[in-house]
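What follows is a single structure, written as structure tokens, with notes after it.
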2 protein chains.
Amino acid sequence: MSTYHHGDLRAALLQAAGEILEKEGVAALSLREAARRAGVSHSAPYRHFLDRDSLLAALAVEGFSLLQDAITKRPEGDRGVAYVEFALIHPQRFRLMFGGQLRLGDYPELHAAGEGNYRNLQKAFESLGSDAPLAAAAAWSLVHGLANLILDGHFAQAQRDSGGAAAFARLVLGSVRVARAQRSA
Amino acid sequence: MSTYHHGDLRAALLQAAGEILEKEGVAALSLREAARRAGVSHSAPYRHFLDRDSLLAALAVEGFSLLQDAITKRPEGDRGVAYVEFALIHPQRFRLMFGGQLRLGDYPELHAAGEGNYRNLQKAFESLGSDAPLAAAAAWSLVHGLANLILDGHFAQAQRDSGGAAAFARLVLGSVRVARAQRSA
DNA sequence: ACCTGAACACCGTTCAAGT
DNA sequence: ACCTGAACACCGTTCAAGT
């Protein structure tokens, strides 16, 4: 139990930061607090991250990987709800990934993670009727907007009427699928 | 040009804060900077706002009013793109309104503004084929997600191919409208 | 009633210095 | 190579005091 971090301080900081993020939100996530939890001085993190935003970017990259797993392990018909459920389970992480605090272009790894995510979603939503890239963009937009508006609380009443956020999401996405089925019938 | 703010300090602070928000983003928007621009001491704002988040909430309320105007002054068929265009013109304001930093329930005026906005959008998107509240929720989700993903830069390449963000939005929303038209035909 | 100024407890970031 | 501690320039927020 030496207080020495032989090269794993970066990982320790990421884990501490991840816990702060998920439990208390980005606002409460300071480099100094992460350092404190990792048992290290407040300036030590600068050996491993350029600045606070770089730490946040690393957490967002993790998030894209988590999202990808959550989506692809589901059968095709459930992937729309899976996207929304990911946002409901990891609201703070989801907001960090898509909240605009981090510009993709500023962080090469984040940029790559974002593009990988897009490619993955295009495949995942193929069954949603994507005869064209535009349809994939529309499908992503639909689930993404739904997730965000639910997190914001804009559908609070409708959610109660539907028996929960996930159930409401299923209804909304189901209504679109029905419309599409009617069209192709 | 007396330095005395006869009751309009609240308005002066809101205006200064609005400028900081739109030009430099939420992160740069401190109470102290707003006070500085209003020519007042750093503790004066506390006479008019409970805390920093209350100032942000007031700016978000303004935003919902701006959004409502931007939408309703357009013909029905353009309201989807109008929503996206609002986000493109006021990205920082839009993120403040929907970025989850402010919980609707914590600010009665913000809560009311959010509900008013929902009602307004339900009317605005009626022509989009809303046979049910679910369809209105889906329409809002679609334009909202599209706006957010464009702001995040996730569609950067597709936008370039389409000749700009607004043009891309038109294409995506148009593709959905086509699908709907085919169904009812 | 409204504003000021000092004060406190936090930050992010830098940098010389230690091992 | 990696970490510490002092230092600096910011914050949000509170509170006694001024007008």
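These values consider heavy atoms only, across backbone and side chains, with no hydrogens, waters or symmetry-generated copies. Letters A, B, ... mirror the listed sequences (proteins, then strands); counts begin at 1.
Put simply, B/S30 has a side-chain N or O that comes within less than 4.0 Å of OP1 or OP2 on D/dC11. Between C/dC11 and A/R36, a contact under 4.0 Å exists linking OP1 or OP2 to a side-chain N or O. A/S43 has no side-chain polar atom (N or O) that falls below the 4.0 Å cut-off from OP1 or OP2 of D/dT4.
Rounded to whole Å, atom P of D/dC10 lies 17 Å from atom CZ of B/R52. In this structure, CG of B/L9 is placed 13 Å from C1' of C/dT4, rounded to the nearest angstrom. For A/I20 and C/dC10, the CD1 to P distance is 15 Å, given to the nearest whole Å. Atom CG of B/D51 is separated from atom P of D/dC11 by 17 Å (rounded to the nearest Å). The distance between atom OH of B/Y46 and atom P of D/dG12, rounded to the nearest whole Å, is 6 Å. Spacing between atom CG of A/L29 and atom C1' of C/dC10 amounts to 15 Å, rounded to whole angstrom units.
Pair assignment for D/dC2 gives C/dG18, based on Watson-Crick or G-U wobble hydrogen-bonding distances that are each under 3.5 Å. Base pairing of C/dC11: no nucleotide in any strand meets the Watson-Crick or G-U wobble criterion (both distances under 3.5 Å).
Checked against the 6.0 Å centroid criterion, the rings of A/F86 and A/H90 qualify as a close aromatic pair.
When the nearest nucleotides of DNA chain D are assigned to A/R47 and A/R32 by heavy-atom distance, the more 5′-ward of the two goes with A/R47. In terms of position along DNA chain D, the nucleotide closest to A/H48 lies nearer the 5' end than the nucleotide closest to the other residue of the pair B/H42 and A/H48.
With salt bridges taken as basic N to acidic carboxylate O contacts below 4.0 Å, one links B/D152 and B/R95. Under the 4.0 Å criterion applied to side-chain N and carboxylate O atoms, A/E19 and A/R93 are not assigned as salt-bridge partners.
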Kindly indicate, with the supporting measurements, whether the criterion side-chain contact (heavy atoms from CB on, under 4.5 Å) is fulfilled by B/S54 and B/Y46.
-> CA-CA 10 Å; B/S54 295; B/Y46 288 90; over 6 Å; no
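Aromatic ring orientation, B/F98 versus B/H144: perpendicular (interplanar angle above 60°, classes split at 30° and 60°).
Taking only side-chain atoms of B/L31, from C-beta outward, the nucleotide of D/dT13, D/dT4, C/dG12 with the closest atom is D/dT13. In this structure, the nucleotide among C/dC3, D/dT13, C/dT14 sitting nearest to the side chain of B/V40 is C/dC3.
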